[in-house]
Q: 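Here's a structure for you.
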Amino acid sequence: MDYQEGALPAKVDVEGGINASPPPPMYGASEPPPPPYDQTPRDAPPSYQSLYGQMQDAKASSSGPLDFLKKLVKILLNTIAVTVFMLIMLAVPISMVVIGAIYKDDCRVEPMIPIYLIVSGCCYIVKNILDLIQRGRSDNNDDDRHENTPSNTCSRLLGCFLFAFFIAGNVWIYRVYAPSDNPNHLDYCDPVLYYFAFWITTLVYIFCLLTCCCICCAAVVTAFTSDG
């Protein structure tokens, strides 16, 4: 092939000829192809043990509104916050026993008020300790292995007694409201003793009201979010 002087050589576009473009390199030709997406190993999803998840599961497995409320109360009572609250609230029955023992003979208008504080405080201490033992044994399990243990049976019996004694304490406290603080009067009762017993009893009603409101709000939120 002749070339003129000063001219560029022509490109020959013939397969396998001069200046033919080489085929692209094959990288990883000996490696197997990647597996399909549905066969790619993936980690297991995290366990859904949050409080909200338990509430959703309770609603899905409930046979009706009453059954759902029962399960919801059980879930809320098994939370760590309630356990810590029970430990803190041990100070209340201890103070009841102390106040009742100090002012045992300082309530002439109703001598049963200090007795009410002492007996209720002692029973509450024993019941809280039994409940904490029961919660430690169950370890937040959903089965009923520990439902009929002696500690659980004693706790229930103490709960029934405390409820009846609480009603009697309401009568003893509220019927002599605003007693005299003069030790020479027949309707005398030490102000520290009486108003401590008065507010301890009244706070029980306030606490029950707030608890019912919280449970109703939690039930409504769970119902709306699950329906959506």
Side-chain angles (χ1 to χ4, degrees), residues 65-66 69-74 76-79 81-135 147-219:
L66 293 179
L69 287 177
K70 179 182 176 181
K71 293 181 178 180
L72 181 61
V73 171
K74 185 177 180 180
L76 294 177
L77 290 178
N78 285 333
T79 57
V82 174
T83 303
V84 175
F85 178 76
M86 290 174 62
L87 289 172
I88 297 175
M89 289 302 293
L90 277 174
V92 175
I94 293 175
S95 62
M96 293 171 65
V97 175
V98 172
I99 296 295
I102 293 175
Y103 300 98
K104 183 178 178 298
D105 300 321
D106 295 334
C107 191
R108 189 180 299 112
V109 65
E110 182 52 76
M112 288 301 299
I113 291 179
I115 303 300
Y116 164 72
L117 291 178
I118 295 173
V119 174
S120 297
C122 292
C123 292
Y124 272 119
I125 292 172
V126 175
K127 187 179 186 305
N128 283 348
I129 293 175
L130 292 176
D131 290 341
L132 290 173
I133 294 175
Q134 181 69 19
R135 293 166 70 87
E147 288 294 326
N148 296 320
T149 57
S151 60
N152 197 21
T153 302
C154 293
S155 178
R156 291 177 178 177
L157 292 176
L158 282 174
C160 295
F161 170 77
L162 284 171
F163 177 76
F165 208 60
F166 175 76
I167 299 300
N170 280 256
V171 176
W172 296 328
I173 293 171
Y174 290 128
R175 73 174 181 179
V176 295
Y177 177 71
S180 174
D181 56 356
N182 189 345
N184 297 322
H185 291 179
L186 293 178
D187 57 348
Y188 165 75
C189 189
D190 189 275
V192 175
L193 170 67
Y194 180 80
Y195 287 107
F196 177 83
F198 176 85
W199 283 111
I200 284 291
T201 305
T202 305
L203 285 175
V204 172
Y205 291 104
I206 298 175
F207 176 77
C208 290
L209 180 61
L210 293 177
T211 302
C212 292
C213 292
C214 292
I215 292 175
C216 292
C217 292

Q: Who pairs with Tyr116 by ring pair (Phe, Tyr, Trp, His ring centres under 6.0 Å), at least two apart in sequence or on another chain?
A: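 Expected list: Phe165.
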
Q: With rounding to the nearest 0.5 Å, note down the distance linking CG in Leu193 to CG in Asp105.
A: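 One gets 10.5 Å once the value is rounded to the nearest 0.5 Å.
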
Q: Mark yes when over 12 heavy atoms from residues, nucleotides or ligands other than Leu186 sit less than 6.0 Å from its CG; otherwise mark no.
A: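 12 or below, so no.
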
Q: With a 4.5 Å heavy-atom cut-off, do Ile99 and Tyr103 have their side chains touching?
A: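 The answer is yes, as the side chains (C-beta and beyond) meet within the 4.5 Å cut-off.
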
Q: If you round to the nearest 0.5 Å, how far is CG of Leu203 from CG of Leu210?
A: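 With rounding to 0.5 Å, CG (Leu210) is 10.0 Å from CG (Leu203).
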
Q: Looking at residues at least two apart in the chain, or sitting in another chain, which of them share a side-chain hydrogen bond (donor to acceptor under 3.5 Å, both in side chains) with Thr202?
A: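 Checked Thr202 against side-chain hydrogen bond (donor to acceptor under 3.5 Å, both in side chains); matches are Tyr174.
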
Q: So which heavy atom on Phe161 is nearest to which on Cys123, and how close?
A: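 So the two residues come closest at CE2-SG, 3.6 Å.
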
Q: Is any side-chain heavy atom of Asp187 closer than 4.5 Å to one of Val176?
A: no

Q: Is the shortest heavy-atom distance from the side chain of Asn170 to the side chain of Arg175 under 4.5 Å?
A: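 A side-chain contact under 4.5 Å is absent here.
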
Q: State the CZ-CG distance between Arg156 and Leu130, to the nearest 0.5 angstrom.
A: 12.5 Å

Q: Could you walk me through whether Asp190 and Tyr194 pass the side-chain contact (heavy atoms from CB on, under 4.5 Å) test, one step at a time?
A: CA-CA 6 Å; Asp190 189 275; Tyr194 180 80; over 6 Å; no

Q: Please name the pair of heavy atoms, one in Pro114 and one in Cys107, separated by the smallest distance, quoted to 0.1 Å.
A: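 Taking Pro114 first and Cys107 second, the nearest heavy atoms are CD-CB, 4.2 Å.
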
Q: Kindly write out the residues that satisfy side-chain contact (heavy atoms from CB on, under 4.5 Å) with Pro191, not counting sequence neighbours, or none if the list is empty.
A: Asp181, Tyr195

Q: Can Met96 and Ile118 be said to form a side-chain contact (heavy atoms from CB on, under 4.5 Å), step by step?
A: CA-CA 6 Å; Met96 293 171 65; Ile118 295 173; over 6 Å; no

Q: For the pair Tyr124 and Leu158, evaluate side-chain contact (heavy atoms from CB on, under 4.5 Å) and give the outcome as yes or no after the intermediate values.
A: CA-CA 8 Å; Tyr124 272 119; Leu158 282 174; over 6 Å; no

Q: Would you say the side-chain atoms of Arg108 pair up with the backbone N or O of Cys189, donor to acceptor, closer than 3.5 Å?
A: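 Checked: no pair found.
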
Q: Using 0.5 Å steps for rounding, measure from the OG1 atom of Thr201 to the CH2 atom of Trp172.
A: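 If we round to the nearest 0.5 Å, Thr201:OG1 and Trp172:CH2 are 11.0 Å apart.
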
Q: Could you check if a side-chain atom of Val204 sits within less than 4.5 angstrom of a side-chain atom of Phe166, using non-hydrogen atoms only?
A: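 Result yes, sub-4.5 Å side-chain heavy-atom pair found.
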
Q: Is the distance from the ring center of Tyr177 to that of Phe198 below 6.0 Å?
A: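 Ring centroids of Tyr177 and Phe198 are less than 6.0 Å from each other.
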
Q: Enter the distance from Ile173:CD1 to Ile200:CD1 here, rounded to the nearest 0.5 Å.
A: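 These two atoms lie 9.5 Å from each other.
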
Q: A quick test of your reading: do over 12 heavy atoms of other residues, nucleotides or ligands sit less than 6.0 Å from OH of Tyr205?
A: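 Correct, the count exceeds 12.
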
Q: Which heavy atom of Ala197 sits nearest to which heavy atom of Leu117, and what is that distance?
A: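 So the minimum-distance heavy-atom pair works out to CB-CD2, 3.9 Å.
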
Q: Rounded to the nearest 0.5 Å, what's the gap from OG on Ser155 to CG on Asn128? Could you check?
A: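 Taking OG in Ser155 and CG in Asn128, the distance rounds to 8.5 Å.
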
Q: When you measure from the side chain of Ser95 to the backbone of Val92, do you find a donor-acceptor pair of N or O atoms at a distance under 3.5 Å?
A: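 Present.
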
